[in-house]
Amino acid sequence: MTTIAELRTPHAPTWCPGCDDFLLLAGLQQALAASAIPTEKTVIVYDIGCAGNMADFVHTYAVHSLHGRSIAVAMGIKLFRPDLTVIVIGGDGGIYGEGLNHLVAAARANSDIKVFVSNNYLYSLTTGQTSPTTPKGAKTKSTPLGVTNEPLVASRFIPAINDQVWVQKVSAKNIAELNGEIKEALNHQGFALLDVDENCVSFGKQLR
Ligand SMILES: Cc1ncc(C[n+]2csc(CCOP(=O)(O)OP(=O)(O)O)c2C)c(N)n1
Ligand code: SF4
Ligand SMILES: [Mg+2]
């Protein structure tokens, strides 16, 4: 069994103090430590962005991939090594924007990967541009007159693509629920998507 200490790296997280990514990191490490999954059988594929920077802070096998391409990489790993537990960590910009086609493909195929999305409603690493989940009307750096489109809600449209997949939405602030859903996603046999509602303390004020 792996301990939480063994799942840590020597690197302190570089996120802004108060970032909800800390809660996702803690929940993931707890869930992996509580699970029977051996660390040597775990691969985490990270997207690019603040969420993707978790690559430096979790001690497992990992790939820090390209923006929007983490699911494609994860599907490839799972196809070649079905014995591995394959996890994806990414942001709303990468998973629901630049990589949306890969999310749809993975859900259609019921690919046995576990996708955790840090949904902070913005492209945060690049200082707060609009993403597909930004609320309608929000004035961001890239939409100074306000977003005109309806936001994309993955927990609604992914089950319509394939009702066999596991999809949940949870608030990062509800820590007990978050940790429970992470464990459930890891235990699910088949495709799992957990949309984690997060706040970006540095650029999220644009959304209010
Ligand atoms: C293909 C590609 N497009 C754009 C970028 C620039 N880029 C890096 S991080 C980022 C925003 C990431 O937003 P999100 O995926 O929501 O993650 P967050 O930073 O919000 O956690 C962008 C646009 C890139 N690195 N690669
Ligand atoms: S910019 Fe936002 S998402 Fe990125 S580390 Fe800071 S609070 Fe977190
Ligand atoms: Mg984001």
Side-chain angles (χ1 to χ4, degrees), residues 8-9 11-29 44-58 62-76 87-107 113-144 147 149-155 157-158 168-175 178 182 193-208:
R8 293 196 182 116
T9 70
H11 309 293
T14 45
W15 296 312
C16 309
C19 177
D20 282 347
D21 282 340
F22 284 99
L23 302 173
L24 179 56
L25 169 67
L28 181 69
Q29 286 173 325
I44 306 182
V45 185
Y46 296 91
D47 214 273
I48 296 298
C50 295
N53 286 346
M54 200 181 291
D56 292 336
F57 319 131
V58 187
V63 179
H64 201 169
S65 64
L66 298 174
H67 200 218
R69 302 296 174 250
S70 51
I71 287 181
V73 173
M75 283 180 78
I87 295 166
V88 171
I89 299 282
D92 45 304
I95 304 294
Y96 301 145
E98 295 193 29
L100 184 65
N101 51 338
H102 303 300
L103 177 67
V104 170
I113 61 172
K114 321 298 161 200
V115 181
F116 298 97
V117 181
S118 155
N119 185 359
N120 55 21
Y121 308 93
L122 289 167
Y123 282 58
S124 283
L125 187 80
T126 43
T127 71
Q129 295 78 20
T130 186
S131 87
T133 59
T134 307
K136 192 173 181 181
K139 291 182 179 171
T140 72
K141 272 192 182 157
S142 58
T143 54
V147 174
N149 300 330
E150 292 296 333
L152 181 150
V153 183
S155 55
F157 84 84
I158 293 295
Q168 287 295 331
K169 186 171 177 67
V170 68
S171 166
K173 295 282 192 290
N174 190 337
I175 293 168
L178 170 67
I182 293 172
L193 169 68
L194 183 61
D195 180 283
V196 184
D197 178 18
E198 293 200 12
N199 179 37
C200 168
V201 289
S202 290
F203 303 106
K205 50 181 110 43
Q206 298 174 104
L207 304 175
R208 293 188 285 273

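Worth saying up front: this structure is predicted, and the values here are computed from it rather than measured. Ligands are counted one by one from 1 in listed order, and the atoms in each one are counted from 1 as well.
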Note to self: Among all the protein's non-hydrogen atoms, which is closest to atom 14 (P) of ligand 1, and how far away is it?
What the structure shows: Gly93 N, 3.6 Å

Item checked: Atom indices of ligand 1 within 4.0 angstrom of Leu125 heavy atoms, with elements -> 9 (S), 19 (O)

Notebook entry, point to check: Can we say Lys173 and Asp20 salt-bridge, meaning some charged N sits less than 4.0 Å from an Asp/Glu carboxylate O?
Noted result: yes

Next item on the list: Could you check atom 22 (C) of ligand 1 against the protein and tell me its nearest heavy-atom contact, residue, atom and distance included?
Entry: Thr126 CG2, 3.5 Å

Notebook entry, point to check: Can you list the atoms of ligand 1 that are under 4.0 Å from a heavy atom of Ser124?
Noted result: 13 (O), 18 (P), 19 (O), 20 (O)

Checklist line | Gap separating the CG atom of Asp56 from the NE2 atom of His11, nearest 0.5 angstrom | finding: 6.0 Å

Next item on the list: Give the residue and atom name of whichever protein heavy atom lies nearest to atom 8 (C) of ligand 1, and the separation in Å to one decimal.
Entry: Ile48 CG2, 3.7 Å

Next item on the list: Among all protein heavy atoms, pick out the one at the shortest distance from atom 6 (Fe) of ligand 2; state its residue, atom name and that distance to 0.1 Å.
Entry: Cys16 SG, 2.3 Å

Margin query: Using 2.8 Å as the threshold, say whether any N, O or S atom from Ser131 sits that close to the Mg ion (ligand 3).
Written below: no

Note to self: My understanding is that we take every heavy atom of each candidate and find the minimum distance to atom 5 (C) of ligand 1. Doing that for Met54, His67, Gln129, which one comes out nearest?
What the structure shows: His67

Note to self: Show the atoms of ligand 1 that are less than 4.0 angstrom away from any heavy atom in Ala51.
What the structure shows: 21 (O)

Checklist line | Closest approach of any protein heavy atom to atom 15 (O) of ligand 1, naming residue and atom | finding: Gly94 N, 2.9 Å

Next item on the list: Starting from atom 1 (C) of ligand 1, locate the nearest protein heavy atom and write down its residue, its atom name and how far away it is, to 0.1 Å.
Entry: Glu98 OE1, 3.1 Å

Check: Can you list the ligand 1 atoms lying under 4.0 Å from a non-hydrogen atom of Leu122?
Finding: 16 (O), 20 (O)

Note to self: With rounding to 10 degrees, what does the angle Asn120:OD1 / the Mg ion (ligand 3) / Leu122:O come to?
What the structure shows: 80°

Notebook entry, point to check: Any idea which heavy atoms bring Tyr46 and Ala62 closest together, and the distance?
Noted result: CE1-CB, 3.7 Å

Check: Which ligand 1 atoms does Cys50 reach within 4.0 Å, using its non-hydrogen atoms?
Finding: 18 (P), 19 (O), 21 (O)

Margin query: With a heavy-atom distance limit of 4.0 Å, tell me whether Asn120 approaches ligand 1 through its side chain, its backbone, both, or neither.
Written below: side chain

Note to self: Around atom NZ of Lys141, are there more than 12 heavy atoms from other residues, nucleotides or ligands closer than 6.0 Å?
What the structure shows: yes

Note to self: Tell me whether atom 2 (Fe) of ligand 2 has Cys19 as a neighbour, meaning an N, O or S atom of it below 2.8 Å.
What the structure shows: no

Next item on the list: Measure the distances from the heavy atoms of Asn120 to every atom of ligand 2 and state whether one is below 4.0 angstrom.
Entry: yes

Next item on the list: Please could you name the atoms of ligand 2 that Phe203 approaches to less than 4.0 Å, counting only its heavy atoms?
Entry: 1 (S)

Margin query: Could you tell me, atom by atom, which parts of ligand 1 come under 4.0 Å of a heavy atom of Asp92?
Written below: 16 (O)

Next item on the list: Within a distance under 4.0 Å of any heavy atom of Val201, pick out the atoms of ligand 2 and give their elements.
Entry: 7 (S)

Next item on the list: Please report the closest heavy-atom contact between Thr133 and Leu152, naming both atoms and the distance.
Entry: CG2-O, 3.4 Å

Notebook entry, point to check: Looking just at side-chain N and O atoms, do Asp197 and Asn119 make a donor-acceptor pair shorter than 3.5 Å?
Noted result: no

Checklist line | Interatomic spacing from CG in Asp92 to OG1 in Thr130 - rounded to 0.5 Å | finding: 9.0 Å

Check: Looking only at protein heavy atoms, which one is nearest to atom 11 (C) of ligand 1, and how far off is it?
Finding: Tyr123 CD2, 3.4 Å

Item checked: N, O or S atom within Asp92 nearest to the Mg ion (ligand 3), by name -> OD1

Next item on the list: Mind listing the closest non-hydrogen atom pair of Val196 and Ala172 along with its distance?
Entry: CG1-CB, 3.8 Å

Margin query: Could you identify the single nearest non-hydrogen protein atom to atom 4 (Fe) of ligand 2 and state the distance to 0.1 Å?
Written below: Cys50 SG, 2.4 Å

Check: Does the side-chain contact (heavy atoms from CB on, under 4.5 Å) test come out yes or no for Asp21 and Glu198, once each step is laid out?
Finding: CA-CA 8 Å; Asp21 282 340; Glu198 293 200 12; 2.7 Å; yes

Note to self: Checking a contact table here: which protein heavy atom is nearest atom 2 (Fe) of ligand 2, and how many Å away?
What the structure shows: Cys200 SG, 2.3 Å

